[in-house]
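Note that ligands are numbered from 1 as they come in the structure, with each ligand's atoms numbered from 1 the same way. Just so it is clear, the structure is predicted and the values come from calculations on it, not from any experiment. Numbering of residues begins at 1 and proceeds along the displayed sequence.
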Amino acid sequence: IYKWYRSGLNRWHGPGSTPDFQDIIEDRCYNYTQRIRPDSRSRNCQEIKQAFMSAFISKDPCKATKEDYRRLIDLADPTVPCNKRVLWSKTKELAREYAKLRGLVTLEDTLLGFLADRLHWCGEPGSPDLNTWSCPDWEKDCRTNYRSVFWEVLSERFAESACGTVQVLLNGSLENAFDEMSIFGRVEAPNLKPMVTLQVWLVHDPGKPPRDSCSGSSIKKLKSILSERNVRFICRDNLSRDLFLRSS
Ligand code: NAD
């Protein structure tokens with residue numbers, strides 16, 4: 001019986017839930033609401049943690065819906081300014097550094113983005129515990145897993161409530177800097193509001209020539225998605241990472 005149980009928990013292809021997930025969520029919540037953004041002090045971290053857990057505990061890890069996260073989202077709606085947002089795709093560390101330098105914010109600067117950053121989580125039907133052996137992988141197991149749906153809901157809301165100029169850092173060292181299948185491509189770009197301006201920065205690894213540019217086919221695709229939505233578009237390319245951080 002033990003062997004069967006174990007192989008059941010071990011059947012997914014993605015990393016298992018992060019050990020001490022609940023404690024990490026709680027610690028991060030207190031850190032964020034009391035130290036990092038004291039203007040969110042009134043948030044109830046116990047309630048937020050409970051809402052996070054009950055979104056996925058005891059449920060089929062491949063049957064996540066946006067609805068499952070509704071209560072959590074309602075408890076922790078972002079309070080970051082709508083006109084200072086930075087999106088990214090394959091440039092996470094650079095985007096975080098850039099945002100910090102310029103007083104801008106990424107999704108990981110909102111309470112829920114901060115709580116879940118770099119963590120993994122999933123449950124198991126009929127069990128009160130997290131599955132620390134394995135969780136579903138987006139490609140190999142199912143797209144509607146709890147982690148993917150979480151980031152999709154959060155990313156969608158972050159993008160659709162943005163205003164003014166939104167910046168996005170794309171990786172100019174890739175052949176296709178704009179990836180239609182990424183969360184930025186599938187969820188964020190198509191949910192920007194009309195009249196928003198999207199400022200695209202194509203940043204490449206220092207010491208190497210860029211592989212994609214503002215006139216390349218992947219960025220053209222992005223431009224066409226945006227023009228259908230009346231989102232204005234500005235693009236700068238040929239920016240080496242070091243130069244970009246220093247000059248921008
Ligand atoms: P990306 O391809 O660089 O992916 C970013 C991170 O999200 C990676 O850690 C990746 O493992 C994970 N990810 C991507 N697609 C996923 C999926 N379908 N299911 C689960 N995890 C997935 O860039 P992207 O996909 O364009 O996402 C970046 C944008 O979306 C950012 O603008 C950000 O606002 C938001 N986002 C943030 C995180 C995060 O881990 N902090 C995760 C997803 C999305």
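Between L169 and F244 the shortest side-chain heavy-atom distance falls below 4.5 Å.
Under the 4.0 angstrom criterion, atom 43 (C) of ligand 1 counts as having a protein heavy-atom contact. Within a 4.0 Å radius of atom 7 (O) of ligand 1, the protein has no heavy atom.
Contact annotation: for R186 versus ligand 1, heavy atoms closer than 4.0 Å belong to the side chain alone. The part of E188 lying near ligand 1 is the side chain, judged by heavy-atom distances below 4.0 Å. When non-hydrogen atoms are compared, ligand 1 lies under 4.0 Å from the side chain of W138 (C-beta onward) but not from its backbone. Contact annotation for K90 and ligand 1: heavy atoms of both the backbone and the side chain come within less than 4.0 Å of the ligand.
Ring geometry, W121 versus F56: the interplanar angle falls from 30° to 60°, so the pair is classed tilted.
Atom NE2 of residue H204 and atom OG1 of residue T91 lie 14.0 Å apart, to the nearest 0.5 angstrom.
When only non-hydrogen protein atoms are considered, atom 36 (N) of ligand 1 lies nearest to S155 OG, 3.8 Å. Protein heavy atom closest to atom 22 (C) of ligand 1, with residue, atom name and distance, is I183 CD1, 4.3 Å. The protein heavy-atom contact nearest to atom 9 (O) of ligand 1 is R147 NH2, 4.3 Å. Atom 41 (N) of ligand 1 has its closest protein heavy atom at E108 OE2, 2.5 Å. Closest to atom 23 (O) of ligand 1 among all protein heavy atoms lies S89 OG, 3.3 Å. Of the protein's non-hydrogen atoms, S148 OG, 3.1 Å is the one closest to atom 20 (C) of ligand 1.
Heavy-atom contacts of L87 reach the following atoms of ligand 1: 32 (O) (cutoff under 4.0 Å). Residue contact check: L107 has heavy atoms under 4.0 Å from atoms 34 (O), 35 (C) of ligand 1.
Contact record, V196 with V166: CG1-CG2, 3.6 Å, taken as the closest heavy-atom pair.
In this structure, R11 contributes its side chain and G8 its backbone to a donor-acceptor pair below 3.5 Å. Remark: side-chain polar atoms of Y69 are not paired, donor with acceptor, to backbone N or O of F150 under 3.5 angstrom. No side-chain donor-acceptor contact under 3.5 Å links S89 to the backbone of L170.
The shortest N or O to N or O distance between F184 and ligand 1 is under 3.5 Å. Here's the thing with T91: none of its N/O atoms is less than 3.5 angstrom from an N/O atom of ligand 1. Taking any N or O of V86, backbone or side chain, none lies under 3.5 Å from an N or O belonging to ligand 1. When only interatomic distances are considered, the shortest N/O to N/O separation between W88 and ligand 1 falls below 3.5 Å.
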Applying side-chain hydrogen bond (donor to acceptor under 3.5 Å, both in side chains), run through R85 and S161 and close with a yes or a no.
CA-CA 10 Å; R85 300 192 180 179; S161 61; 2.7 Å; yes

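A salt bridge is absent between R37 and D109: the closest approach of a Lys/Arg side-chain nitrogen to an acidic carboxylate oxygen does not fall below 4.0 angstrom. Residues D60 and K63 are paired through a salt bridge, judged by an N-O separation under 4.0 Å between the basic side chain and the carboxylate.
Cluster membership check: I219 does not share its hydrophobic cluster with W201, using side-chain heavy-atom separations under 4.5 Å among Ile, Leu, Val, Met, Phe, Trp and Tyr.
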